[in-house]
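A short worksheet on the structure shown next.
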Amino acid sequence: MATLARCLLITLWCYWLPAADTVEHPFRGVTYIERVETAPRPLRMHVAKIDLAAPGIAFKLSPPGGKLETVRQTTLDFLLQEHAQIAINAHYFLPWPSSNPEASLVGFAASNGVVYSAFEVPEQSYALVPYAPALNIDARNHPTIVHRDPAFPDGRHILERVQVWNAVSGSAQIVTNGGKTIPRYAPLGVLQAGGPNAYSNAKSWYAQINARSAIGISQDGATLVLFTVDARGGSAGMSVGEVADVLIRDYGVYQALNLDGGGSTTLAMDGALVNVSSDNARGRSVGSSLAVFAAR
């Protein structure tokens with residue numbers, strides 16, 4: 001019995017072993033974590049924690065351009081073009097699928113103070129919520145979750161009294177005040193059942209296993225967290241709920257948005273991709289990316 005008890009204790013101890021993390025500090029104010037897990041499936045996550053008070057930290061969202069709202073570009077090419085140190089893919093975009101080199105972003109977007117995409121009720125409603133909140137980082141690196149001001153029909157104004165500078169929107173807010181907030185389908189929620197796989201509360205789009213991108217902030221607003229998980233290269237992907245759990249439990253995220261995922265998921269750093277794209281070796285050409293500037 002004693003041997004059996006020891007075996008059980010060893011099994012439980014191994015089950016609760018932390019993920020295999022490789023931690024680096026490539027730039028001032030930046031902690032980069034590559035995290036590998038074997039349960040509940042093979043996973044490779046990439047996390048960039050950014051100290052918003054560190055000297056030299058700055059941001060830029062893809063600027064407006066073209067006849068729609070942006071000119072599509074890979075996240076890596078945007079990083080290289082801007083001479084940035086880190087970049088992550090951001091908004092969902094239309095048309096998709098399409099070879100059109102230009103795109104309209106889904107949701108609120110601002111680049112260096114220029115608002116060029118509005119809060120909206122998206123055409124695709126099985127994953128994208130109406131008037132999804134955005135994460136705004138002002139010119140002094142103060143982050144805030146912002147919401148549409150319904151008093152303005154153009155959808156380009158926010159309720160919060162903050163400076164709009166660089167703003168990113170996703171499909172939904174998945175962490176709210178430290179709790180997981182995965183959208184539900186009507187009549188219990190705002191999503192509409194249907195889509196290519198007949199999504200519903202019993203089979204939610206948010207429960208599907210895929211490559212994911214997310215962005216979040218700590219409760220004190222001092223740390224920005226960029227997160228990706230791959231669905232290639234030995235990693236099987238995660239549900240959005242699993243992403244929210246990891247952000248809350250392991251990285252102190254208090255507010256977070258789910259960004260465009262799947263083949264769009266891209267994290268670039270120091271002139272190269274750090275994740276394995278589900279689309280192609282250099283990553284998908286996307287509607288927008290958020291660049292981070294930092295000193296070595």
Applying salt bridge (Lys or Arg N to Asp or Glu O under 4.0 Å) to Arg156 and Asp149, what does each step give before you reach the verdict?
CA-CA 8 Å; Arg156 292 173 177 248; Asp149 187 343; over 6 Å; no
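In this structure the side chain of His147 reaches within 4.5 angstrom of the side chain of Glu160, judged on heavy atoms. At least one side-chain heavy atom of Val243 sits under 4.5 Å from a side-chain heavy atom of Phe227. Counting heavy atoms from C-beta on, the side chains of Leu68 and Asn100 come closer than 4.5 Å. A heavy-atom distance below 4.5 Å is not found between the side chains of Gln208 and Ser239. The closest side-chain heavy-atom distance from Ser289 to Gln73 is not below 4.5 Å. Counting heavy atoms from C-beta outward, Tyr206 and Ser204 have side chains that approach closer than 4.5 Å. Counting only heavy atoms from C-beta outward, the side chains of Pro130 and Val190 approach each other to under 4.5 Å. Side-chain atoms of Glu120 and Val106, non-hydrogen and from C-beta on, do get closer than 4.5 Å to each other.
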Please output the side-chain donor-acceptor pairs of residues 24-32 that fall under 3.5 Å, not counting sequence neighbours, one pair per line with the distance.
unit_1	atom_1	unit_2	atom_2	d
His25	ND1	Thr31	OG1	3.3
Tyr32	OH	His46	ND1	2.8

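For Tyr126 and Tyr199, the ring centers are positioned less than 6.0 Å apart.
Applying the salt bridge (charged side-chain N to carboxylate O under 4.0 Å, His left out) test to Glu102 and every residue at least two apart in sequence or in another chain returns nothing.
Proximity of a side-chain donor or acceptor of Asp230 to a complementary backbone N or O of Val276 within less than 3.5 Å is detected.
Test Glu34, Arg212, Arg35 against Met45 for side chain to side chain contact (heavy atoms under 4.5 Å, CB included) and you get one pass: Arg35.
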